[in-house]
A.B. asks: 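Following this message is one structure expressed as structure tokens.
What you see below is based on every heavy atom in this structure, not just the backbone, and it leaves out hydrogens, waters and symmetry mates.
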Amino acid sequence: MTIGIGGWGSRRKPMALVRAILRSSLRDLVIVSYAGPDVGLLVASGQARRIVTGFASLDSIALEPHFRNGRQQGTIELTELDEGMLHWGLLAAAHRLPFLPIRAGLGSDVMRVNPELRTVRSPYAAAEHPDGEELVAMPALRLDAALVHMNRADAGGNGQYLGPDPYFDDLFCLAAERAYVSCEQIVPALTGPPQSLLLNRAMVHGIIETPNGAHFTSCVPDYARDEEFQRRYATAAADPDAWRRFRADYLDGDEAAYQKAIRR
């Protein structure tokens, strides 16, 4: 299946849900993401077949180490897009359109490494393009499921972010057949600025309270990124024996065991 994962790099990722996938029998996954450790873990577990992304970063560590390993070893396929093209693909899927035109990608190697991409010519003339402007026809990125993490949610499935950036979590949900939300806290009622009420119940099929569920990524203002743990993760990724120990210490148990282990 194709799974979209919200957040951005190493920020507000639904890591508890990703860790649940690690414990599942899911395989042969296409992952659509502004990629961070969500993608790294699914590459390391061998469950991801293809990654669709504009980057794969841990923010303070430039390149996601398991993604690097997977690409260097040839164990994963990659659809590499401009970040704006990824946005447009989600937007097209959200609006149930087959594609949306965009300038991003023209004049770059995006077109070379994605030979399946096509261009369209605008039917509307302009002074600078009297015959119509040529644009990339970015295909819709339709998702079987979306996973996102919010700061707060109510039991009806409405979700709220409290940090500085919504990222594209609403578009991930709208582009998906089914959308699942983890959150720091389920509250009786959502309050605060209207623009922070990012998800409405019509977008969401399931919700779960997962305190510290974005760890080790940030979930501002509830908590910052755990930089020390992230460095430990990246260091372990460089050595197979170290990674086996890391996995045994933190990933082989359930979510409660993970949360207990990181507090030792």
A.B. asks: Would you say the side chains of Thr2 and Arg142 form a donor-acceptor pair under 3.5 Å?
C.D. replies: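 Judged by distance alone, the side chains do not pair up.
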A.B. asks: Leu22 and Leu41: which non-hydrogen atoms are nearest, and at how many Å?
C.D. replies: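 Heavy atoms only, the tightest pair is CD2-O, 3.7 Å.
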A.B. asks: Below 4.5 Å, heavy atoms only, C-beta onward: do Arg68 and His66 meet side chain to side chain?
C.D. replies: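 A side-chain contact under 4.5 Å is absent here.
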A.B. asks: Just by distance, do the side chain of Trp88 and the backbone of Ile102 share a donor-acceptor pair under 3.5 Å?
C.D. replies: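 Not a single qualifying donor-acceptor pair exists.
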A.B. asks: Would you check if there is a donor-acceptor pair between the side chains of Ser122 and Glu133 at a distance under 3.5 Å?
C.D. replies: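 Side chains of Glu133 and Ser122: no pair found under 3.5 Å.
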A.B. asks: Side chains of Thr53 and Glu80 only: does a donor on one sit below 3.5 Å from an acceptor on the other?
C.D. replies: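 On atom types as modelled, these side chains do not qualify, holding no pair under 3.5 Å.
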A.B. asks: Decide yes or no on side-chain contact (heavy atoms from CB on, under 4.5 Å) for Leu162 and Val220, but give the supporting numbers first.
C.D. replies: CA-CA 7 Å; Leu162 300 175; Val220 176; over 6 Å; no
A.B. asks: Do Val39 and Leu17 sit in the same hydrophobic cluster, where Ile, Leu, Val, Met, Phe, Trp and Tyr count as joined when their side-chain heavy atoms come under 4.5 Å apart?
C.D. replies: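 Yes: a chain of side-chain contacts under 4.5 Å links Val39 to Leu17.
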A.B. asks: Check the pair Asn69 / Val43 against side-chain contact (heavy atoms from CB on, under 4.5 Å), numbers first and verdict last.
C.D. replies: CA-CA 9 Å; Asn69 293 342; Val43 169; over 6 Å; no
A.B. asks: What I want to check is whether the side chains of Gln230 and Ser60 have a donor and an acceptor closer together than 3.5 Å.
C.D. replies: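 Judged by distance alone, the side chains do pair up.
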A.B. asks: About how many Å separate CG of Leu90 and CG of Leu143, when rounded to the nearest 0.5 Å?
C.D. replies: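 Leu143 CG to Leu90 CG: 6.0 Å, rounded to 0.5 Å.
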A.B. asks: Give me the atom names and distance for the closest heavy-atom approach of Gln47 to Ser45.
C.D. replies: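 Answer, listing the atom of Gln47 first, then Ser45: OE1-OG, 2.6 Å.
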A.B. asks: Using atom types as modelled and distance alone, determine if a side-chain donor or acceptor of Asp28 lies under 3.5 Å from a backbone N or O of Arg49.
C.D. replies: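 Not confirmed, Asp28 side chain does not pair with Arg49 backbone.
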A.B. asks: In the structure I gave you, are the side-chain heavy atoms of Ile31 and Val52 within less than 4.5 Å of one another anywhere?
C.D. replies: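 With C-beta onward as the side chain, the pair stays apart.
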A.B. asks: What do you reckon, are the aromatic ring centroids of Tyr250 and Phe246 less than 6.0 Å apart?
C.D. replies: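 Yes.
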A.B. asks: Centroid separation under 6.0 Å, is that true for the rings of Tyr124 and His129?
C.D. replies: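 Judged by ring-centre distance (under 6.0 Å), His129 and Tyr124 do not meet the cut-off.
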A.B. asks: Show the numbers, then the answer: is there a salt bridge (charged side-chain N to carboxylate O under 4.0 Å, His left out) between Asp59 and Arg225?
C.D. replies: CA-CA 10 Å; Asp59 292 327; Arg225 184 184 305 117; 2.7 Å; yes
A.B. asks: Could you state the interatomic distance from NZ (Lys260) to CD (Glu255), rounded to the nearest 0.5 Å?
C.D. replies: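 Between atom NZ of Lys260 and atom CD of Glu255 there are 14.5 Å.
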A.B. asks: For side-chain contact (heavy atoms from CB on, under 4.5 Å), just list the numbers for Asn151 and Cys219, CA-CA rounded to whole Å, side-chain angles, deciding distance to a tenth of an Å, and then say yes or no.
C.D. replies: CA-CA 7 Å; Asn151 297 93; Cys219 189; 3.4 Å; yes
A.B. asks: Measure from the side-chain N and O atoms of Asp154 to the backbone N and O of Pro188, and report whether any donor-acceptor pair falls under 3.5 Å.
C.D. replies: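 Checking the backbone N and O of Pro188 against the side chain of Asp154, no donor-acceptor pair under 3.5 Å is found.
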A.B. asks: Give a yes or no on whether the backbone of Val136 and the side-chain of Arg103 come within a donor-acceptor separation of less than 3.5 Å.
C.D. replies: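 No, because the side chain of Arg103 does not come within donor-acceptor range (under 3.5 Å) of the backbone of Val136.
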A.B. asks: Give a yes or no on whether the backbone of Phe216 and the side-chain of Tyr233 come within a donor-acceptor separation of less than 3.5 Å.
C.D. replies: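 Here the side-chain-to-backbone pair does not exist.
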A.B. asks: Can you find a pair of side-chain heavy atoms, one from Thr119 and one from Leu135, that are under 4.5 Å apart?
C.D. replies: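 Counting from C-beta outward, Thr119 and Leu135 never come under 4.5 Å.
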A.B. asks: Please determine if Glu228 and Arg232 form a salt bridge, counting it only when a charged side-chain N lies under 4.0 Å from a carboxylate O.
C.D. replies: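 So Glu228 pairs with Arg232 through a salt bridge.
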A.B. asks: Taking the six-membered ring for Trp, are His215 and Tyr223 ring centroids under 6.0 Å apart?
C.D. replies: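 So the answer is no for these two rings.
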A.B. asks: Would you verify whether the NZ or CZ of Arg11 falls within 45 degrees of the ring axis of Tyr167 while also being under 6.0 Å from that six-membered ring's centre?
C.D. replies: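 Because its charged atom misses either the 6.0 Å distance or the 45° angle limit, Arg11 does not stack over Tyr167.
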A.B. asks: Minimum heavy-atom separation for Arg50 to Glu77, with atom names?
C.D. replies: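 Minimum heavy-atom separation between Arg50 and Glu77: NH2-OE1, 2.9 Å.
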A.B. asks: Please confirm whether the backbone N or O of Phe168 pairs with a side-chain atom of Tyr34, one donor and one acceptor, at under 3.5 Å?
C.D. replies: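 No, the answer is negative, given that no donor and acceptor are paired below the 3.5 Å cut-off.
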A.B. asks: Report yes if the side chains of Ser25 and Arg27 come closer than 4.5 Å at any heavy-atom pair, otherwise no.
C.D. replies: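 Contact flag for Ser25/Arg27 side chains = no.
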A.B. asks: Treating Thr235 as the side-chain partner and Arg231 as the backbone partner, does any N or O pair qualify as donor plus acceptor under 3.5 Å?
C.D. replies: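 Confirmed, Thr235 side chain pairs with Arg231 backbone.
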A.B. asks: Do you know which two heavy atoms are closest between Pro65 and Ala234, and how far apart they sit?
C.D. replies: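 Smallest heavy-atom distance, with atoms named: CG-CA, 3.9 Å.
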A.B. asks: Counting only heavy atoms not in Met1 (residues, nucleotides, ligands), do more than 12 fall under 6.0 Å from its CE?
C.D. replies: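 No, not enclosed.
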A.B. asks: Hey, are the side chains of Trp8 and Glu83 touching, using non-hydrogen atoms and a 4.5 Å cut-off?
C.D. replies: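 Yes, side chains in contact.
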A.B. asks: Are Val204 and Val187 connected in the hydrophobic side-chain network, where two residues link if heavy atoms are under 4.5 Å apart?
C.D. replies: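 Different clusters.
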A.B. asks: Identify the heavy atoms of Leu171 and Ala94 that sit nearest to each other, and give their distance.
C.D. replies: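 Where Leu171 meets Ala94 most closely, the heavy atoms are CD2-CB, 4.1 Å.
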A.B. asks: When you compare the side chain of Leu199 with that of Val181, does any pair of heavy atoms fall below 4.5 Å?
C.D. replies: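 The answer is yes, as the side chains (C-beta and beyond) meet within the 4.5 Å cut-off.
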A.B. asks: Give the minimum heavy-atom separation between Thr210 and His149, together with the two atoms involved.
C.D. replies: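 Result for this residue pair: OG1-CE1, 3.5 Å.
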A.B. asks: To the nearest 0.5 Å, tell me how far Ile5 CD1 sits from Leu147 CG.
C.D. replies: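 Here the rounded value is 5.5 Å.
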A.B. asks: Quick check: does any side chain N or O of Lys13 sit under 3.5 Å from a backbone N or O of Pro37, one acting as donor and the other as acceptor?
C.D. replies: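 No; zero donor-acceptor contacts below 3.5 Å.
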A.B. asks: Starting from Met15, can I reach Phe67 by hopping between I/L/V/M/F/W/Y residues whose side chains sit under 4.5 Å apart?
C.D. replies: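 The answer is yes; both residues are in one hydrophobic cluster.
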A.B. asks: Would you say Gln259 and Asn212 are linked by a side-chain donor-acceptor pair, where the criterion is simply a distance under 3.5 Å?
C.D. replies: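 On atom types as modelled, these side chains qualify, holding a pair under 3.5 Å.
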A.B. asks: Between Arg152 and Asp222, is there a salt bridge with N-O shorter than 4.0 Å?
C.D. replies: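 So Asp222 pairs with Arg152 through a salt bridge.
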A.B. asks: Measuring from atom OG1 of Thr79 to atom CD1 of Ile51, what distance do you get when rounded to the nearest 0.5 angstrom?
C.D. replies: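 Answer rounded to 0.5 Å: 9.5 Å.
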A.B. asks: Who passes salt bridge (Lys or Arg N to Asp or Glu O under 4.0 Å) against Arg201, sequence neighbours left out?
C.D. replies: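 Partners of Arg201 under the salt bridge (Lys or Arg N to Asp or Glu O under 4.0 Å) test: none.
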A.B. asks: Honestly curious: do Leu97 and Met203 fall in one hydrophobic cluster under the side-chain, below-4.5 Å linking rule?
C.D. replies: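 Linked within one cluster.
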A.B. asks: What's the spacing between Arg178 CZ and Ile3 CD1 if we round to 0.5 Å?
C.D. replies: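 It comes to 13.0 Å.
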A.B. asks: Would you call Asp254 and Arg23 a salt bridge, using N to O less than 4.0 angstrom?
C.D. replies: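 No, this pair does not count.
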A.B. asks: I'd like to know whether Met150 forms a side-chain contact (heavy atoms from CB on, under 4.5 Å) with Ile207, so could you lay out the CA-CA distance, the side-chain angles of the two residues, the decisive distance to 0.1 Å, and finally the verdict.
C.D. replies: CA-CA 10 Å; Met150 293 283 107; Ile207 193 159; over 6 Å; no
A.B. asks: Okay, side chain of Asp226, backbone of Phe229: is any donor-acceptor separation there less than 3.5 Å?
C.D. replies: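 Side chain of Asp226 to backbone of Phe229: a pair is present.
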A.B. asks: Rounded to the nearest 0.5 Å, what separates atom CG in Leu197 from atom OG1 in Thr191?
C.D. replies: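 Leu197 CG to Thr191 OG1: 8.5 Å, rounded to 0.5 Å.
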A.B. asks: Transitively linked via ILVMFWY side-chain contacts under 4.5 Å: Leu190 with Leu198?
C.D. replies: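 Leu190 and Leu198: separate clusters.
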A.B. asks: Is a donor on one side and an acceptor on the other found under 3.5 Å between the side chain of Arg12 and the backbone of Pro166?
C.D. replies: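 Side chain of Arg12 to backbone of Pro166: a pair is present.
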